[in-house]
Every structure is written in C-alpha cells, then in structure tokens.
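Numbers restart at 1 for each chain; the letters A, B, ... are given by sequence-line order, proteins then strands.
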There are 2 protein chains.
Amino acid sequence: MPPKRKPENNEEGNSKKKTKLSRKLAEKIQEEPKSLVVKDETEPQTSAAKGAAEQVGIDYSCDARNKHGNTFNVRITNWNVDGLRAWVKKEGLSFVDQEKPDIFCLQETKCSIAKLPKEIKDVKDYKMFWHNSNKEGYAGVGLFSRDEPLSVKYGLGNEEHDSEGRCITAEYEKFYVVSVYVPNAGRNLVTLPKRLEWNKIFKEFIKELDEKKPVIICGDMNVAHNEIDLTNPKTNTKNAGFTKEERDGMTDFLADGYVDTFRQLYPDKTGAYTFWSYMRQARSKNIGWRLDYFILSNRIADNVCDNIIRSEVFGSDHCPITLFINI
Amino acid sequence: MPPKRKPENNEEGNSKKKTKLSRKLAEKIQEEPKSLVVKDETEPQTSAAKGAAEQVGIDYSCDARNKHGNTFNVRITNWNVDGLRAWVKKEGLSFVDQEKPDIFCLQETKCSIAKLPKEIKDVKDYKMFWHNSNKEGYAGVGLFSRDEPLSVKYGLGNEEHDSEGRCITAEYEKFYVVSVYVPNAGRNLVTLPKRLEWNKIFKEFIKELDEKKPVIICGDMNVAHNEIDLTNPKTNTKNAGFTKEERDGMTDFLADGYVDTFRQLYPDKTGAYTFWSYMRQARSKNIGWRLDYFILSNRIADNVCDNIIRSEVFGSDHCPITLFINI
DNA sequence: CCTAAGATG
DNA sequence: CATCGTAGG
C-alpha cells in the first residue's frame, strides 16, 4: 500500500506546546442545540492543508526510524470514540484531519449506519466501513481507509459475537488491519465468561489471518496487561480489565506470535494510559488504564517506527493512539 | 395569612426592558460539569435585597387594584418546571428570588426527595412540600410557602392517582392553595380515560375543600380551554390538551363555582400562552398553549388584582404565572 | 426538542 | 460521569 501522503519528518519544525483545544471546542450553548460547537473565532482560519495541527500545538510528525533504519510510510490511528455522534460534536473529526492517518480504526461508535451524522457522511478522504451491533447504541466499530482495501471482512464468523459489531478486518497488499472492540467483562464480571469465550475465537481468527499475511490489530482490548499498565493495579485485581483471567488472556495471545508495540518500544514507561474513567476527574489526575493497543505479528514488529499515545486529545474517555510503521 | 413582605407597588419605578437573562445563564461548559451555570460577570453583584429583578429588567411589581379597590397582599406564583434539577441548573431559583411570591407552586418536578439538589435544600425563605410519583423521574409537584400552612394534604385520597404525585393542598387561615398537575391525555390520547377519571375525582376533592374555605387552584391543568387559548385550535382537536372531552371537563369544572382568573381579567387577549413545545422553535414563534391556570372559588374572584403570564422567563417549556390577590 | 431513568462502560 | 435508547411530554 503506497502512502498517499509523505511523512513530514519534522520538516516544519513544529512548536510542541500542548494546548487542550478540544476542551475549548466542546463548549456548548444550552439554548442553541443546532450549534453545539463553538469555534474559536480568535484563531484565523488557515487552509485545511496548512493544518490545524499547528494551531492545536500537537506535533503530528514522526521522524523515528525502525530497526531497519527507515522512517514510517504508513500511519495508523486507533480511537475508542465512546459514541460517534457525541464524538463528532466534540470535534473528533478535526483530530483526524490533523493526524491524517492512512487508516483510522474506531471503537464504540454506538451508531447504526442510518444514524450517522452528516459530518461523517461528508468525509471525502476515506472509504469507511462499519460493523454495528444489532443492539442500538451499543458497541460498534469502524475503519476509515485512505486507500480501498483489497477486501473487508466483518466479524469473526461467530454468530453471537458478530451480532455485537466488534471487528472489521481490512486486507491490504502486505498486511491485514483489524479494528476490534473486545467485550468488557462487565460490572461484577458478569460477562467475563463471554469475554474468555471471545478470546479463544479471536485468537483462532487472527491465527488464520496471520498464516496468510502479517496482522496489525488495532483496538480496545479491554485489558491492562500488566501492573505498569494502570495506575491502581492492587485495587483492581477483581475488576473488569485487570482480572487474572483477562491478563492471562493477553499473555496467552501474545505468546502465539504477536507483540504489543507500545510496550516493546517503551518497556519501562509508567503513567502511559489510553483510558480514564470520567468519574472523579480521573483524567486530570492521570488515574488511567492502557486498554488500547497495536498488536502486530512478530515478523513485522521491527518495522515499527513509533507508537504514540495522544493523551492530550479529548473527545472520549479513551484517547487516540497512533502507529508509525514502514511496511 | 399576613404577608411577610409589603407589595412594591412600583415604588422603585423599575425599567421594563425585557431581556432574556435565562438564556445567558444557561450556557454550560461541556468539560466542567460542576459549574454548569456561567454567571455574567460583567453585571456588578448587588445585594440580594436590591434585587435581581432590576438587573433582569422584568417588572415584578403590581399596583393593580381589585374590584374592591385594594392592591394585593398575597402573591402566588405557579410554574411547571419540567424537571426540577434541570430547572435549578437553568437558574430557576433566581426567578423565585426575584418574583418573591408568598406561595410558589411547581409541577413536573421529576425528582424524589432524596435527589433534591443542594440549591433546593439551601433555600431558607420557604417551607417546602413535595408530592412525588412512585415512578422515578415522572410527574411530581411541589409547594413553597413563606408562612407555615395550617395543614398540608398530599393527593386526592385516590390510591392510583396519588401514586403519581400530582396534588398538594396547603391550608391557610382564609383559603386553600392547591398545587396540581393534571394527567396528560398522552400521544394518541392513550391516557384520556385516566384523565377523565381524574377530572371527576378532582372536582369532588375541590368541592369538599370549597365547602370549608375558598380555594385557589394553581397548576398545569393540561388543557387549553377555548380556541383563544392556543395558536392552532383547528389542527389540535384530536390532540392531548384540546380534545372536546378535556375542554368540556374544564367547562364542567368551572360551572361548579370557579373562575379562570386570567380569562376573567383578559377575556379577549390573544397570544397569551404558558406552554410552548420545545420542537420547531415554537416559543420564539409564540406557537403555544395556555395550560397553566389560577382557578379560584367564585366568591374570591373579585379579590384578584392581577394575573400575569411571565412569558419572558425561561427555564422550562412552560413559563411562570403569578397571581396578585388581596385576601 | 426537552426531561428523566436505566443499561452499559 | 459519560454514552446511548426509551418513555413521556
């Protein structure tokens, strides 16, 4: 897959101050629901190409080189958006416009195709694919692709799980990309059995893909793998996302021949999370969990240039993560 | 009941410009749910006694005289608040603080006592009484009284209707005040039978009160009595609030010895509504219904000084109405 | 188009 | 403490 857009490689010498534009953008007026989003009129409107990136102050460039000495030629971003419609109102799309990934995977869209907001339908730069739950407003995943994939597959071939809209597989020349939303084990672990059942099926599904081409799994795996992956490991061992069963599930999966790219790149990095409860101002205190991952077939692990957690970007209780890879 | 506060009788020569403060006050910040209400900091904070009335530009005074030539000594305000908690966030209480009624009746509080917001618990000027539905978030009425009533009665003595929290009766020396929320006939008139059943029971209930002392009924009667009482009478004859049955119910009730004070005072006044659907910007186009009334025993009708519809006051799909009476 | 509760996270 | 669908208006 030839990238349509050359990597920037810091060619613009961006400033790196990290403001929280999304917070500003999220202001809404009670009495005027039609214009929920207040655009900051004090900022001059520059061309889309010039980039909101500069305005926002996030550096979207990447000059990191992989083990082979190459800079990236494919950028993949993943985000559990926690409700596509709310996310659109919070200017989620302007992030996509700034990050400009080649492939964008979303989870928890909670939106049937009939109810997609106009702003989504108006997106021109991407082909879009959706796998929705039969249950309105629940789960659902999406995949945006700048290039047309060779094929797109919905679900795992398991009737029960596929009815919940949790998996899209896009095939490209040299790899598969999987946008996945792993079942949450639920309050009091009521759905832990379903989750463990999913783990088996998903592992088998990925194994079959991996036998053909290397796989890039992007998604909300709904587990913090190790103690380093959440703020409060001690108090969460009985809670969804950090039970022994779920953690072992991840260990077991990786043992099949995959790598958690973020942890491979940053084995000792603490405080690196992708999810924070909306409760108790967890995010501002960085009381979080790393639930969102890029998991790659071992044989392409050395192709990875970087894996960035965009924790400054708001719009959901999860933040986006971006993979830079040369492949 | 001696009023604690003297009527102003225009003594301050208030300005009458009518701004829409509530709209301003209702602005909220998505990311800061703890401070939903944005106070207008450009307005200097004057003392509470000086009164927000002047700031807002609504003239809360009344110098009208009744048939006996007297100005009012009791002010009663009624408001269907459409959700007490939302209404509090929209600064509903600041209206009460400005209007300063002796008695304030509310309908559709949709809030059990356990969930009353702090701002309500903090109110010092009134004794408060609540009659709530067994069904959370549904119906519910309240009554605030500056003076302690001689007695307070909840409901009509009918088990089914009383389980929905629709009626509070406060007894004073010279009269009863009833805060009432009459059942809506529902979409496709599904609950019209219940409503007509209510009418019978309510009429009987009021009759018994009226035999002891004159009655001041305040509330959402959920009917536009005559064609003059809604914008579109022709197209609403089959809709809840303007069916023949509901209209006849009001006619029948009044025939028992009561008067709709607003219509008595202003028999030909058009465009006088107390409710506007949130849909289709009905309020800004004044496409509305007069559903909220003061209905008084005939023998005190001539005590009424005025009945004002505060259509400039926002915070609900209904607006407040205020009765000025000397009694 | 609003409110609220309830399910889910 | 957010999202959503639904009931109720």
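Following rounding to the nearest Å, Lys90(A) (NZ) and dC1(D) (P) show an atom-to-atom distance of 15 Å. Nucleotide dT3(D) holds its C1' atom 14 Å from the CG atom of Asp220(A), rounded to whole Å. Regarding Asn239(A), its CG atom lies at a distance of 14 Å from the P atom of dG9(C), rounded to whole Å. Rounding to whole angstrom units, CG of residue Asn80(B) and P of dT3(C) are separated by 13 Å. As rounded to whole Å, 15 Å separates atom C1' of dA2(D) from atom CZ of Arg280(A). Protein atom OH of Tyr278(B) is 21 Å distant from nucleotide atom P of dA7(D), rounded to whole Å. Rounded to whole angstrom, the span from the CG atom of Asn134(A) across to the C1' atom of dC4(D) amounts to 16 Å. Rounded to whole Å, the distance from CG on Asp292(A) to C1' on dG9(C) is 13 Å.
Applying salt bridge (Lys or Arg N to Asp or Glu O under 4.0 Å) to Glu164(A) and the options Arg195(A), Lys135(A), Lys194(A) leaves one that passes, Lys194(A).
Residue contacts for Asp317(B): at a heavy-atom cut-off of 4.0 Å it reaches no nucleic acid atom on any strand shown. Across all strands shown, Tyr181(B) has heavy atoms under 4.0 Å from sugar-phosphate atoms exclusively, and none from any base.
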#### Entry: Trp289(B) and Thr274(B): CA distance, side-chain angles, deciding distance, side chain to side chain contact (heavy atoms under 4.5 Å, CB included) verdict
CA-CA 6 Å; Trp289(B) 304 56; Thr274(B) 66; over 6 Å; no

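Across the interface with DNA chain D, nearest-nucleotide mapping of Trp87(A) and Met279(A) shows Met279(A) to be the residue nearer the 5′ end.
Put simply, CD1 on Ile201(A) and NE2 on His161(A) are 4.0 Å apart, with the number rounded to the nearest 0.5 Å.
When distances are taken from the side chain of Ala86(B) to each of dA2(D), dA4(C), dC4(D), the shortest belongs to dA4(C). Listed nucleotides dG9(C), dA4(C), dT3(D) differ in distance to Asn184(A); the shortest reach to its side chain belongs to dG9(C).
Side-chain N/O atoms of Asn199(B) and Glu246(B) include no donor and acceptor closer than 3.5 Å.
Under the 6.0 Å distance and 45° angle rule, Arg283(B) counts as a cation-pi partner of Phe314(B).
Considering only residues two or more places apart in sequence or on other chains, Asn236(B) meets the side chain to side chain donor-acceptor pair (under 3.5 Å) condition with Asn239(B). For Ser133(A), the side chain to side chain donor-acceptor pair (under 3.5 Å) test picks out no residue, with sequence neighbours left out.
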Polar atom pairs between nucleotides 6-8 of chain C and protein, under 3.5 Å, N or O only, would you list them?
from	atom 1	to	atom 2	distance (Å)
dT8(C)	OP1	Lys135(A)	NZ	3.2

